[in-house]
Amino acid sequence: MTPTAGSGTAEKRHPVARASSPARMPHPRGIPASPRPNGPRPALLHPRASRRRLGLLRSPGIVAVVLILGSLLAVGAAQAYLVSGQVRLARLDQILSQDQRQHRDLELKVAELESPARIVHLALHDGLVEPPSITDLPQVPLGNPVTRHADTSALPASATAGKSSAPGAHGAPAALKQAGPGAPKKPEG
Amino acid sequence: MAVIVVFGALAIRLVMVQTISSGAYASLGEAEVTSQVPLPAERGAIYDRTGELLAMSLPRTDVIADPLIIHHAASEAAALAPVLGESVASIEAELTQHSGYVVIGRMEDEQVTSELERLGLPGITFSPASERLTPAGALAEPVIGQVNADGQGIAGLEYQYNQLLSGSSGSEIVQMAPGGIPLPGGSRVLRQAVPGTSLELTIDAPLQYVTDQALGAEIMKSHATSGTAVILDTRTGAVLAMANLSVDKATNQLVEAPSNLASTQVYEPGSVFKIVTFSAALQDGIITPDTMFTIPPDLMLAGWRFHDAWSHGTIQLSATQVIAQSSNIGTIEIAERLGADRLARQITAMGFGRPTGLHFPGASVGIVNPVANWSASAIGSTPIGQDTGVTAMQVVDAMNTVANGGRFVPPHLVRAIIGPDGTLHRLPEAKGRRLFSRTTASELTRMLEQVVIDGTGVKAPIPGYSVAGKTGTAQIPNGHGGYIPNGYMATFTGFAPAENPVLTAVVTLDHAWPPYGGSVAAPVFSEVMRYALHSYGVPTSPGGGITGGTPRLVPFTASVPDGNLTGYVPREPAVPGSITTSSGSVTEGP
């Protein structure tokens, strides 16, 4: 520290107290004295000790090591997170694959069960036989229903025997009216 | 000094290996440990028009052995046998083959595959593959087609739409040890496969089944060698059913035909071809339905004698009666008035000698002689369906043109495609073209109704519906300028309801007996159309049908818990008696 004019005077007067009571030093002439703070005196600094700590931190080697270790730790953690995510993804993929496979199996099973050949086979097995012949009901225009009287008049006498609700009776008259010649006049060429 | 030189050389070589040639050596090393596994794309499925599954693929895993790097075949066989469910000896025999690629199993169960993978056996690898399945059995198989062992379509729609159905294969590049074991932590490059597109057909599976059954029953009953039946949606041209059946000569069993006969089999159509002659004559005003013709017993043309299928003297027939009774001589008289050029133009216009629009693999365009090549007698043979080769698909297309009021509607088999994401895209329907006027079609329809009322097609009526149709019975060429003795192709094609057509169909039977289209093909038409019309809820014709199609009724009695029920049921119409063909006299059975 470069001694000033003021400090030189203070050392002469009280050399022991130069470092511990600098506030008591008289102000240099011509410089107005700052007002003394009323609060407690701030803690004193130890410049030499501060310089030592900053020196450690400023050492590039140590910083590098810290950074590398930190990075490695972060990479390790990220890797672990990534791997655990991949494992979970693989499991989900596996579950998805199994479900898709199951869906396809079920789709195939449903298609096999709905196969017309299988249904007909089962129906026949259960006694649902096809009728030897089917009588189709004629189209009846709305507002102009065919009366039963008209129906039976077209039938031969034997047709009216038995129950009136006999199947085929409703379709018979129109069918008889439409019945064509049956056998062809000529075979084809 | 020498040591320095040696070390110097080594240093230079080291630098060269590590810097200049490092890339080449690195790739060589990588090639030693990397392995590319193909990932086959899942093949698209095929559905019918209602979403019923007709064909689909299921993934499987092929277990592949490389015997060249397996050193302990016996121990590996012992480990594999219980998992594969085969004997140790058979697996050991496979593992000791002098080959680098032996498929020792095709696994459908993923658990079994995982169990095999856990064994970690050297020289055993796994390859993903797929298997094509048809849950409805052989239903419509000639139409759907087949795939080969590699999952590629080789016939039918599987072949036609192979590119769409196949999708795009992926691959996986993994690092593996020489023993075939994946290296832990090794790099892995995955390119996902893109699944194929699915098809939604116009085929109606239940109708296809009924058509198969009816056609098959008639084939067996008439001892035919094969048969086809096609049903079209009249307005759209959608193929609702396409049955192709044949009899296996070795076993005498009915089987699905090896190909789609309706599109690939060319035959002389016979009298069904008369609709071409009549449509042109009606369109040009050469005839009306009531135009009278004098029909002699026979007709000589360029030294060839033409006659009708039945013996008669000189008779008078109207144009309607000519087609209803299928008079060859009457038709030839009409063709002579029409002229060869006009007839040839009509043949081509109605789709004969041209692709049908289905573009089915192996489909034939038929054989149509250019008019310049017509012989002197061709004006007699061509209008009655000889000298021309057609497919059943072309015949039904021609009849569908009449049903559509003179407008040709291209047929189609695929209704929509379904993308891998499940999005359904309807395919646009092809535009039709008008071939003749609505009036002509209407007149021809009324004439064709007479075929079913009291002509050659009396076995084709559908109770409740009016039917228009045409029969055909043609000899089969032997390929040497003549015909096969007693070999006939029977055809019936028609549509219903006649006044408002909804469905058009064709039925053909090869080498049937009796040989007539009206005897063997017409009943099949009636049966399948009856089912189809009811199935689609088509209203019956006014008055219950104008074609007299309802057969005569016979009384019946049935026992029920509270007594007997009596009523009337229809019976089969009577059949024709004896007729004479160009090859001799034939008597139809009952």
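Letters A, B, ... are given to chains in the order of the sequence lines, protein chains preceding strands, and every chain is numbered from 1.
- For a residue to count as touching a neighbouring chain, one of its non-hydrogen atoms must lie under 4.5 Å from one of that chain's; by this rule B/Thr134 does not touch chain A.
- Across every non-hydrogen atom of B/Tyr209 and A/Ala117, the tightest pair is CE1-CA, 3.5 Å.
- Shortest non-hydrogen contact noted between B/Pro135 and A/Ser115 is O-CB, 4.1 Å.
- The CG atom of B/Leu53 sits 9.5 Å away from atom CD of A/Glu112, with the distance rounded to the nearest 0.5 Å.
- Proximity to chain A is absent for every atom of B/Glu527, based on heavy atoms less than 4.5 angstrom apart.
- Residue contact with chain B, scored on non-hydrogen atoms closer than 4.5 Å, is absent for A/Gln100.
- The backbone N or O of B/Pro59 lies less than 3.5 Å from no partner atom in the side chain of A/Arg104, so there is not a single donor-acceptor pair.
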